[in-house]
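Okay, structure first, notes after.
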There are 2 protein chains.
Amino acid sequence: MHSDHDDLSIIRTVSLTSALERQLERLIVEGELGPGDRLNEIQLATRFGTSRGPLREATRSLEAKGFVEVIRNRGVFVRQLSISDAIEIYDVRTALFALAGKLLAERMSTGIEHMLVELVEKMEIASRDADLDAYYPLNLKFHDTIVGGAGNELMAQEYLRYVKKMHLFRQKSLIQGGGLEVSNEEHKEMLEALLARDPIRARDTHWQHVENAKQRMLSAVT
Amino acid sequence: MHSDHDDLSIIRTVSLTSALERQLERLIVEGELGPGDRLNEIQLATRFGTSRGPLREATRSLEAKGFVEVIRNRGVFVRQLSISDAIEIYDVRTALFALAGKLLAERMSTGIEHMLVELVEKMEIASRDADLDAYYPLNLKFHDTIVGGAGNELMAQEYLRYVKKMHLFRQKSLIQGGGLEVSNEEHKEMLEALLARDPIRARDTHWQHVENAKQRMLSAVT
DNA sequence: ATCGTATCTTCTGCCGACAATTAACAGTTT
DNA sequence: AAACTGTTAATTGTCGGCAGAAGATACGAT
């Protein structure tokens, strides 16, 4: 039995295609469809109660976004990322996150300031307690706050896309780029640059942060 | 009458959908379909001799790539970029190009080295002669060489996408981000960093270069 | 003359069906 | 038993058609 998430009756404002796209993306990101799996058109269309037309349109969009791969006459497959793919994505993410840091430093508001300070403090505590379950969502929110607060919608959108895309990498546990204390030390440096409203330093510390995360991931993989 | 570019009979290896997508992208980038224009499904399907199904799939892909906008029950429209859109794209391009510079500095080959040196020399001449027609393609090739030589396929692909996307900006003439001599001075600095195999300096000079181009564009627009 | 309204036309959204291709299977041969 | 080959089943690619929404047009009221 499928979960009731599969419902897409909310359609009337958004198109059926985009609703289907969201559903398929959910199936992929949540792991119901794993890397390499084929998206059976008939089966999925039946499951969501639509015809194959809109479903095919949705998969074409997902293909353009890099979540699936279409092979003519053979079908649509969830993309599999090699290590070198993961490196490429990480590097692009690095550049985008550096941009986020720079832009945020240029338009820092007290609201975001307080939020980031609080998050770093909480992460400090979680780090001391070695409480990964507490640390992980805080870390996520810290990055989201920076990316979302930078005021560049395109960058934020693309950044989010790449974060999602990393879930297609086989070694899921390694995505995080672990290292609690190390990571939060870097957060403090980033925060310092942001509080100082120093775009260049913010850009460089943010760049370094993701680059370090990449290195931690790589040393864990190899 | 349509040009004979419209032919897509080469299909047997690639899908009809992707061939259509390429054709539509061509129509947009070459300007036959300008910003704000509607893509009439029936008309385009007839023109390319297909049914509406594959055509719709192609437009969904173009939508995901940001070239067109789909409005439910109203149609597909070529995207119009506002100035703030252009700024966002420029900033993302800046970050990606900085990444290109860094990566290239890390894996610089003598082949690319010679190519870049030659291009800068030729641009120097064109700059002295104020020969914009000669300068423009050299400048383009200079940037392509850097982006293509960096060894990150994803970054190269995305960078190219954004360059194309800038064509949707109304003020086409301003895309270039002019300023011949100024621009080539920056090229020399970038080249220096690359020849020195200095990733950080390469990253920073490349970042600054696109950022300056953005500023030149903005001061020309406002 | 202008505005609002009703009608008609055009176009999109979605579906079901058929053709073409690929994958699965069984039978045969070596 | 493994490899090859012919046949069947499953799946994708493409098409044409119908319902419904948006847009255009014509008409009438003020």
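Everything numeric in this text was worked out from a predicted model, so none of it was measured. Protein chains get the first letters and strands the later ones, always in sequence-line order, with residue 1 at the start of each.
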> Atom CD1 of Ile71(B) to atom C1' of dT12(C): distance rounded to whole Å?
Replying inline: 13 Å

> Are the side chains of Lys122(B) and Tyr135(B) in touch, meaning some heavy atoms are under 4.5 Å apart?
Replying inline: no

> Taking atom C1' of dA23(C) as reference, at what distance in whole Å does atom CZ of Phe77(A) sit?
Replying inline: 11 Å

>> Using the rule side chain to side chain contact (heavy atoms under 4.5 Å, CB included), only one of Val76(A), Thr59(A), Leu27(A) pairs with Leu44(A); which is it?
In response: Leu27(A)

>> I want to verify a distance call: between dC15(C), dT12(D), dG13(C), whose nearest atom is closest to the Arg52(A) side chain?
In response: dT12(D)

> How about Lys214(B) and Val210(B): do any of their side-chain heavy atoms sit closer than 4.5 Å?
Replying inline: no

> Expressed in angstrom and rounded to an integer, what is the separation of Arg56(A) atom CZ from dG16(C) atom C1'?
Replying inline: 14 Å

> Quick one: Leu55(A) CG to dC14(C) C1', roughly how many Å, whole number?
Replying inline: 13 Å

> Just wondering, do Leu154(B) and Tyr162(A) contact through their side chains at under 4.5 Å, heavy atoms?
Replying inline: yes

> Taking the side chain as C-beta and beyond, is there a heavy-atom pair between Ile146(B) and Met190(B) under 4.5 Å?
Replying inline: yes

> dC15(C) C1' sits how many Å from Leu16(A) CG, rounded?
Replying inline: 11 Å

Restricting both atoms to N or O, compile the protein contacts to nucleotides 20-23 of chain D shorter than 3.5 Å, with distance only.
residue: dG23(D); atom: OP1; partner: Arg74(B); partner atom: NE; Å: 2.6
residue: dG23(D); atom: OP1; partner: Arg74(B); partner atom: NH2; Å: 3.0

> Parallel, tilted or perpendicular: which fits the ring planes of His206(A) and Phe97(A), with parallel below 30° and perpendicular above 60°?
Replying inline: tilted

>> Within residues 37-44 of chain B, which residues have any heavy atom lying less than 4.0 Å from an atom of DNA chain C?
In response: Arg38(B), Leu39(B), Asn40(B), Glu41(B), Ile42(B)

> What is the ring orientation for His187(B) with Phe142(B), classed by angle as parallel under 30°, tilted 30 to 60°, or perpendicular over 60°?
Replying inline: tilted

>> What is the distance, to the nearest angstrom, from the CZ atom on Phe48(B) to the C1' atom on dC15(D)?
In response: 18 Å

>> Any heavy-atom pair between the side chains of Val29(B) and Leu168(B) that's under 4.5 Å?
In response: no

